[in-house]
Amino acid sequence: MKKLINDPRAVVEESVEGFGIAHADLVTVHPDPLFVVRRDAPVQGKVGLVSGGGSGHEPLHAGFVGRGMLDAAVPGAVFTSPTPDAIIPATTAVDGGAGVLHIVKNYTGDVLNFETAAEMAAADGVDVRSVLVNDDVAVEDSLYTAGRRGVGGTVLVERIAGAAAERGDDLDSVAAVAQRVIDGVRSMGVALTACTVPHAGVPSFELTEDEIEIGVGIHGEPGRHRIAMEDADGITQRLLDPITSDLQLVSGDRTIVMVNGMGGTPAGELYIVFRRVAQLLEGLGVRIERSLVGNYITALEMQGASLTVLRADDEMLELWDTPVHTAALRWGV
Amino acid sequence: MKKLINDPRAVVEESVEGFGIAHADLVTVHPDPLFVVRRDAPVQGKVGLVSGGGSGHEPLHAGFVGRGMLDAAVPGAVFTSPTPDAIIPATTAVDGGAGVLHIVKNYTGDVLNFETAAEMAAADGVDVRSVLVNDDVAVEDSLYTAGRRGVGGTVLVERIAGAAAERGDDLDSVAAVAQRVIDGVRSMGVALTACTVPHAGVPSFELTEDEIEIGVGIHGEPGRHRIAMEDADGITQRLLDPITSDLQLVSGDRTIVMVNGMGGTPAGELYIVFRRVAQLLEGLGVRIERSLVGNYITALEMQGASLTVLRADDEMLELWDTPVHTAALRWGV
Amino acid sequence: MAEVLDTAWALRWIRNTADVISAERTQLIELDRAIGDADHGENLDRGFTAVIGRIDAGEASATPASVLKLVAMTLMSTVGGAAGPLYGTAFLRAATALGDAEEVDAALVATLVGAARDGIMARGKAEVGDKTMVDAWTPAADAARTAAQDGATPADVLAAAARAAEAGARGTEPLIARKGRASYLGERSAGHRDPGAVSSALILRAAADAAQEGSA
Amino acid sequence: MAEVLDTAWALRWIRNTADVISAERTQLIELDRAIGDADHGENLDRGFTAVIGRIDAGEASATPASVLKLVAMTLMSTVGGAAGPLYGTAFLRAATALGDAEEVDAALVATLVGAARDGIMARGKAEVGDKTMVDAWTPAADAARTAAQDGATPADVLAAAARAAEAGARGTEPLIARKGRASYLGERSAGHRDPGAVSSALILRAAADAAQEGSA
Ligand SMILES: Nc1ncnc2c1ncn2[C@@H]1O[C@H](COP(=O)(O)OP(=O)(O)O)[C@@H](O)[C@H]1O
Ligand SMILES: Nc1ncnc2c1ncn2[C@@H]1O[C@H](COP(=O)(O)OP(=O)(O)O)[C@@H](O)[C@H]1O
Ligand SMILES: [Mg+2]
Ligand SMILES: [Mg+2]
Ligand SMILES: [Mg+2]
Ligand SMILES: [Mg+2]
């Protein structure tokens, strides 16, 4: 394992500390318990947005704290959801009197810790609502699983709900638009290589020089199928097909598309994937209204990519275009 | 070699095609010969800025085409400088009557091809000037070498010269501020792993699990020293020391700092490096006025990072802060 | 054999647990690497190290329940992931079941284990056979109740619980996970033991050993 | 032995070159990987493939110079890197040296090789001993001039040039690079042959073979 780190157990603290120095104009870092809030938090009268989860997915979530997106991010240990004792003060720190929305990715750990925190923050008098992002079509959503994982769709939920909060929507409305995004967004990932959790020191799984993992998660969890290496166009088709069929996309639908790098894949390759997505969607008559191509939700240094498609309506597109100013997403300001 | 590509010989074309679709609001892609221009080019009365070089360093250069930065980027084959037949039409396409500045990284291939193109564009009546970026302190700058390489400093030159051009400076002034940035900027890189050029199919060099390459270039060229793996703080010191001593940074100096990922290193690690840079510079009394942390000039999927420090004056900082709107750098708009 | 357990036992239990989790850290990471995300050993080790720090700082007070409550709160705020809230709830419910009793007899030991199991099930909504820590705690709770009813000593109740938990953990190997991260793997989760069930067995064995040591 | 070379020779030369560059593509990439950036073979292969495409499309016209000029322009616009402009200039200067001659005698062959060498040096500013293609072309130009003065046939002039270039390329192995990408390596560049010198020797050998074939 070769990484630009010091003590494997201090990775998250040191990284977030550096993040705080680099983006002191945007955020304040609370070191213990560790959480990151928008510099001007709490914004009076605005619904506060809190997300969080295991670290190792940067820029998610701290990179999305700022105007028009999150008010706070709570980073856990690498790939480990944060604990209530950090989520609670983050929640109260961003409560401007209009309540707080927790944006939770659907993993048992995140759900349980945010649930506990929400209960306790509510007991402290904060009006807390939660939405659960579960966009990963690689996972069967059934009574007999923990349900679909929350992956790339989270970025879109955070942006659009963040925009709604910024324009002054109340807690019910912000939660409702977040839920509408969740209902309309699906993702699918592929790994070319595994990643190595610093404290584990060995790769999370093994792939030979000829294998790739289709449907991989963002924690180095093995995916659904391990197949022989294919070209970018073939892989892209495998990512897109389950999404279009799950969303039942039809000609005339309008979408926001994200081609996301898993951390170790260069931007040049992501654009090759995006090119193919654009060709395939054009073939279906589906319009890409907005797009993101880059590293937005990663799995440490894993090589691979994920594709996220949101069926967008007018309001989502309008919210999308409003100003956003965070470390990793910025426009209009 | 596992990459998200199709035909290894079509990598650049397909990637730039995808880039053009994703950023159609910003750029126009000319497919043959391949170059990328700002969508509103030529901007009448504005000095045009053209850069280019081998591909594989994304987002450099196409990701920096747009308002307040480059007017055109000319991508060569992977790690191979582009040819005059592409540089010439890119140059004429962005000539708004105020002349064109070529921003060239100091590699024999880039120098020779841009030189030829500049001569021929000048023969076509375009007023062409060139600056040569040579900021890599890993390379001895002497009569007996090709001189220092152009690496991370290029991003800063493109931004600041781009800002000067955008505010209406004439060709001499834009070239002068670009040269001042070049004179004040130094960089140093480290590789944890090698990268693989698609057409070569095997890594550019071999590093064992315990070795790193200090002073690596952005083409998988071996660096100056191969040493045993160290922790992030130790490596950061090795990157910073030659820069501070070459620049003779002293207490009170003001700087713009970039911690750049080589393509395969996750953002979390870059912030650990940045944290250490901030601590060390603070120890020297040197102020970080602005910073960039992320992937700006890469070497395919190489794991590693580079550090760039510019001794900045008031004008550079003022230019830095003006609006920029490109695929990879955006603020104020 | 002592007929009751006390606060010293509770402290020995937790120290034993911290030791065994630290010793088995790598194995638990490996188990979680196979069907999860390679952090279970790291997370528990961090959590129990923190618990010991607070015990050493004198934060636990007089009763067995106060020890278990400290464990609960510390795990809740330092472990994270699924196991943090699950074990946090387990220890909290166990503490609640003990009330302010200074001595824990065989029946109360069985109640403690049952309460811990109930807490995990209430929080995680997993059933027996879902390939989770429930598959260790449920047979453990059942065995503890039976042993207590049969008149066993507290140490033997815990030994029965530990044995049942170990068997339960082994029994997770062929199962297909239906809860937690391993459920994403579907059929590919079969053939590996559940890390949480294994750590649960370690915790119960530590409790039994602590009782044994105290009565030696 | 024919005393003059013609346009057919020039075309054979270029086809031979394209073939050998394609055959040696991997070796040239490997050489460049060691002290450069692993693209020399790929770049030249792309360039000469494009040249053959244009020759097959009938773009080369009647004189040897017209063939070499087509090569120059095509390499310039398809090879890139350092080698593109250097070889482009070399072939351009060679074409200029031939003027509109339809037949190339031994003296003109020597002039051609010398002009190519001069073009490379003018463009790249490298000296003998800098571990570049100059270390192949300079001995080749010298050997060609001497052979022509000694009354050799054009084929023998080219054979002498190719031999000298091959020796020159081998001779780059111990050198420390002072120009081009390999110079960044400093002393670590020693122990490897320069890829450009090796490809130069291949090009000159292809010229000699083409002359040999024509006279067979
Ligand atoms: N819903 C659940 N109910 C009971 N136990 C669960 C549940 N989900 C997960 N677990 C247990 O948690 C263990 C994983 O813990 P850990 O690795 O610390 O958390 P995470 O999965 O968040 O990384 C599993 O091995 C399993 O025993
Ligand atoms: N200044 C120079 N003068 C002459 N030849 C040079 C010079 N610089 C480089 N070369 C030659 O170019 C070769 C490298 O070509 P190539 O790999 O195609 O270009 P690049 O270095 O741009 O990747 C070297 O092996 C060397 O022979
Ligand atoms: Mg986890
Ligand atoms: Mg090159
Ligand atoms: Mg886990
Ligand atoms: Mg090369």
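Letters go in sequence order (proteins before strands), and every chain restarts at 1. Here the structure is a predicted model, which is why all the values come from computation and not from measurement.
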Exercise for review: Any chance you could lay out the side-chain contact (heavy atoms from CB on, under 4.5 Å) test for Glu269(B) and Glu58(A), step after step, and finish with the verdict?
Suggested key: CA-CA 10 Å; Glu269(B) 296 180 26; Glu58(A) 290 69 34; over 6 Å; no

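Interface remark: of the candidates Gln279(B), Glu211(B), Glu13(B), Glu211(B) forms the most heavy-atom pairs closer than 4.5 Å to chain A. Among Arg276(B), Glu209(B), Met262(B), the residue making the largest number of heavy-atom pairs under 4.5 Å with chain A is Glu209(B). Across Val293(A), Leu300(A), Thr298(A), the residue that shares the most heavy-atom pairs under 4.5 angstrom with chain B is Leu300(A). Among the candidates Gly268(B), Gly63(B), Ser291(B), Ala278(B), the residue making the largest number of heavy-atom pairs closer than 4.5 Å to chain A is Gly268(B).
Between the side chain of Asp233(A) and the backbone N or O of Asn6(B), no donor-acceptor pair lies under 3.5 Å. Glu17(A) places no side-chain N or O within donor-acceptor distance of the main-chain N or O of Arg275(B), the cut-off being under 3.5 Å. A side-chain donor-acceptor contact under 3.5 Å links Lys2(B) to the backbone of Thr208(A).
Glu301(A) touches chain B through backbone and side chain together, each having a heavy atom under 4.5 Å away. In this structure, the portions of Val11(B) lying under 4.5 Å from any heavy atom of chain A include both its backbone and its side chain. Of the two parts of Ile235(A), only the side chain, counted from C-beta on, holds a non-hydrogen atom closer than 4.5 Å to a non-hydrogen atom of chain B.
When the options Thr236(B), Ile272(B), Val259(B), Val273(B) are evaluated for a side-chain contact (heavy atoms from CB on, under 4.5 Å) with Leu4(A), the one that passes is Val273(B).
Interatomic distance, Met229(A) CE to Met1(B) CE, rounded to the nearest 0.5 Å: 8.0 Å.
Of all residues in residues 18-32 of chain B, those placing a non-hydrogen atom less than 4.5 angstrom from a non-hydrogen atom of chain A are Gly18(B), Phe19(B), Ile21(B), Ala22(B), His23(B). Identified by a heavy-atom distance below 4.5 Å to chain B, the contributing residues of residues 320-333 of chain A are Arg330(A), Trp331(A), Gly332(A), Val333(A), in residue-number order.
Residues Ile5(A) and Asp231(B) fail the side-chain proximity criterion, which asks for heavy atoms closer than 4.5 Å.
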